[in-house]
Amino acid sequence: MPAVDKLLLEEALLDSPQTRSLLSVFEEDAGTLTEYTNQLLQTMQRVYGAQNEMCLATQQLSSQLLAYEKQNFALGKGDEEVISTLQYFANVVNELNVLHTELAKQLADSMVLPLIQFREKDLTEVSTLKDLFLLASNEHDLSMAKYSRLPKKRENEKLKAEIAKEVAGARRKQHLSSLQYYCALNALQYRKRTAMLDPILGYTQGQIAFLKKGYDMFSKKMDGFLASVSGMIQRIQGELEAEAEAMRITQQELLSGSDAIYTPDYDASSPVINRNLIQKAGYLNMRSKTGLVTTTWERLYFFTQGGNLMCQHRGEVAGGLIQDLDNCSVMAVDCEDRRYCFQITSPNGKSSLILQAEGKREYEEWICAINNISRQIYLSDNPEAVAIRLNQTAQQAVTPITSFDKKLENTTQSSENMAQTVSHNESLPEHANREPEMEQLIAPGTPIQFDIVLPASEFQDQNRGNRYVIERFVAARDLSL
């Protein structure tokens, strides 16, 4: 049997455009199956109606054959041999009518009824779950839009908690409805195969049983085939039960996790940030201008591909290029009183893109990932190792204050020793007794010290709008203080 494609339940929570695209394929398949099932059911109901008509016709034929004897012909009654022959045929037809009645009942139970049950139960269930999934998805989008509009300044913690709880509830509802919808669509791939085989199997078995008395040879030729079909149906049913059990266990495991995964920015107090990313994907809010002073925000799926930032709407098969990240700059910005906003600017500074992340961790990781990509690390043989090495080097380049103070003490002590030596040597020129100049206080080979840019969240609070490295030259007058 061919492998059956299925929707991954693990992807239901993320609800990425790729999953939505695959979901649309399953929905299209379900729509085609529904249309074909209706056509097949109409045809089988016509067969069943014809069989019922055959029962009525044979019953009427038997009565008509028996009525020949009661006819008053003008030239006298019919031939006795004809009458007895017709009576014999009437009995045969009557027996055939019994077989036709049994066949009609068998067609109703084993051909028409299973297909009706498949349409009314399975296909209707899929349609109902689809409607619930769309409703839950819309509710989640509305709650996320409300959450995204929360102001950054003067936050109302009570309002924020209420909206976050609303988002969590909507996200859990969407997750549950998507899991049920995905399970139903996956199971439909098995049920549609049995649903097509069961009715025709019932029809064939009914015809064989009807003709078996007079056509033993015909029925013997079909016994082996029908037995194999029955075995195949049983095996598919077994696979369906195993798959249903596996999906049930997976669904329980996915739903048994902490409710924190449904809450946006749940780890804002202590996020675990990966600063070595060279690729990133997830939903972001993108700002677009609709007029001279008006803007709109749209929640879209973004992902990096090499040195490009791609954008993809739900249901789209592939994403489109939104920004070339090579040599671009990225910095945290304040934008319309929204939180977690950052701006990507092209190398020539002529174009920029403002995005908003859902939480602090996503906000920090997006900035780090774009910064790594802008350096074209992805072109190296081992980009992950290069990213780690560069970030470690950047951390080591930051000179702690303690080491600076230590250098100051050593320099001061050396100056005092020099002054004592000069005071005991009166033969030296007058300018040797003067205090050392500022430049002389700097030890030879002392490097220029730099403060590396702070993490995005601290950087935004201390120096908004500036993304570059802040240079601090060690002045001699600072050493004398």
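The figures here come from the full heavy-atom set of this structure, side chains too, leaving out hydrogens, waters and symmetry mates.
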Test the Arg171-Tyr262 pair against the cation-pi criterion, namely NZ or CZ under 6.0 angstrom from the six-membered ring centroid and within 45° of the ring axis.
-> no

Closest non-hydrogen contact found for Val167 with Ser143 is CG2-O, 3.4 Å

Donor-acceptor pair, Thr124 side chain versus Arg119 backbone, under 3.5 Å?
-> yes

Given side chains that start at C-beta, do those of Glu358 and Tyr283 come closer than 4.5 Å, heavy atoms only?
-> no

Do Glu243 and Lys6 pass the salt bridge (charged side-chain N to carboxylate O under 4.0 Å, His left out) test, and can you show the C-alpha distance, the side-chain angles, and the key distance before you say yes or no?
-> CA-CA 10 Å; Glu243 181 66 22; Lys6 63 179 181 180; 3.3 Å; yes

Minimum heavy-atom distance Trp297-Leu355, with the two atoms named | CZ3-C, 4.4 Å

Ring centroid separation Tyr301 to His313 under 6.0 Å | no

May I have the step-by-step check of side-chain hydrogen bond (donor to acceptor under 3.5 Å, both in side chains) for Asp326 and Tyr378, ending in yes or no?
-> CA-CA 10 Å; Asp326 288 343; Tyr378 63 92; 2.7 Å; yes

Roughly how far, to the nearest 0.5 Å, is CG of Leu115 from CG of Leu41?
-> 5.0 Å

Decide yes or no for Phe210 and His100: does some side-chain heavy atom of the first lie under 4.5 Å from some side-chain heavy atom of the second?
-> yes

Side-chain donor-acceptor contact under 3.5 Å, Gln343 with Thr345 | yes

Is the backbone of Pro17 close enough, under 3.5 Å, to the side chain of Ser21 for a donor and an acceptor to pair up by distance?
-> no

For Asn308 and Thr304, indicate whether the former's side chain and the latter's backbone hold a donor-acceptor pair under 3.5 Å.
-> no

CA sep, side-chain torsions, deciding dist, call: Gln174, Glu139, side chain to side chain contact (heavy atoms under 4.5 Å, CB included) = CA-CA 8 Å; Gln174 183 193 20; Glu139 290 179 4; over 6 Å; no

So, the side chain of Tyr68 versus the backbone of Gln87: is there a donor-acceptor pair under 3.5 Å, distance only?
-> no

Do you know which two heavy atoms are closest between Leu321 and Asp324, and how far apart they sit?
-> CD1-N, 4.5 Å

side-chain contact (heavy atoms from CB on, under 4.5 Å) partner of Arg314, chosen from Thr19, Leu300, Asp141 | Asp141

What do you reckon, is CE of Met286 surrounded by more than 12 foreign heavy atoms closer than 6.0 Å?
-> yes

Working for side chain to side chain contact (heavy atoms under 4.5 Å, CB included), residues Leu255 and Leu179 | CA-CA 10 Å; Leu255 294 176; Leu179 287 175; 3.8 Å; yes

With side chains defined as the heavy atoms from C-beta onward, is the minimum distance between Ile278 and Glu384 less than 4.5 Å?
-> yes

Charged N to carboxylate O under 4.0 angstrom, Glu364 versus Arg275?
-> yes

Ion pair check, Arg361 and Glu365, cut-off under 4.0 Å = yes

CD/Glu28: more than 12 non-hydrogen atoms of other groups inside 6.0 Å | no

Pairwise distance CD(Gln323) to CD1(Ile370) - rounded to 0.5 angstrom = 9.0 Å

Between Lys192 and Asp122, is the closest basic N to carboxylate O distance under 4.0 Å?
-> no

Is there a donor-acceptor pair closer than 3.5 Å between any side-chain N or O of Asn138 and the backbone N or O of Leu134?
-> yes

Going through the distances and angles, do Asp29 and Leu185 end up as a side chain to side chain contact (heavy atoms under 4.5 Å, CB included)?
-> CA-CA 9 Å; Asp29 184 82; Leu185 287 175; over 6 Å; no

Does the Ser62 side chain pair with the main chain of Thr58, one donor and one acceptor, at a distance under 3.5 Å?
-> no

Non-hydrogen side-chain atoms of Gln356 and Ser148 separated by less than 4.5 Å | yes

Could you walk me through whether Ser346 and Ser351 pass side-chain hydrogen bond (donor to acceptor under 3.5 Å, both in side chains), step by step?
-> CA-CA 6 Å; Ser346 61; Ser351 63; 3.1 Å; yes

Ion pair present between Glu102 and Lys105, side-chain N to carboxylate O less than 4.0 angstrom?
-> no

Give the C-alpha distance, both sets of side-chain angles, the deciding distance and a yes or no for side chain to side chain contact (heavy atoms under 4.5 Å, CB included) between Met331 and Phe342.
-> CA-CA 6 Å; Met331 62 180 178; Phe342 58 95; over 6 Å; no

Shortest non-hydrogen pair, Asn97 vs Cys55, comes out as OD1-O, 2.6 Å

Taking everything shown except Gln279 itself, do over 12 heavy atoms lie less than 6.0 Å from its CD?
-> no

Are Glu125 and Lys121 ion-paired here, with the side-chain N under 4.0 Å from a carboxylate O?
-> no

Measure the spacing between CG of Leu201 and CD1 of Ile233 and express it to the nearest 0.5 Å.
-> 4.5 Å

Counting only N and O atoms by type, is there a donor-acceptor contact under 3.5 Å from the side chain of Ser256 to the main-chain atoms of Glu253?
-> yes

Specify whether Phe302 and Trp366 have parallel, tilted or perpendicular ring planes, treating 30° as the upper limit for parallel and 60° as the lower limit for perpendicular.
-> perpendicular

Evaluate the side-chain proximity of Arg172 to Thr263: yes if any heavy-atom separation is below 4.5 Å, no if none is.
-> no

Of all heavy-atom pairs linking Ser380 and Val386, the shortest is OG-CG2, 3.6 Å

Quick one: does Glu298's side chain get under 4.5 Å of Arg287's, heavy atoms only?
-> no

Atom pair OG1 (Thr250) and CD (Glu245), whose distance is rounded to the nearest 0.5 Å | 9.5 Å

Going from CG on Asn348 to SG on Cys328, what distance comes out if it is rounded to the nearest 0.5 angstrom?
-> 11.5 Å

Where is the tightest heavy-atom contact between Asn372 and Leu277, given as atom of each residue plus distance?
-> ND2-O, 2.9 Å

Is there a donor-acceptor pair closer than 3.5 Å between any side-chain N or O of Thr34 and the backbone N or O of Ala30?
-> yes

Value rounded to 0.5 Å, distance of OH in Tyr181 from OG in Ser127 = 8.0 Å

Heavy-atom check, side chain of Phe133 versus side chain of Leu135, under 4.5 Å = no

Quick one: do the Asn186 and Tyr182 side chains pair a donor with an acceptor below 3.5 Å?
-> no

Flag side-chain contact, heavy atom, 4.5 Å: Asn371 against Arg375 | yes

Answer yes or no: is there an ion pair linking Arg20 with Glu316, defined by an N-O contact shorter than 4.0 Å?
-> no

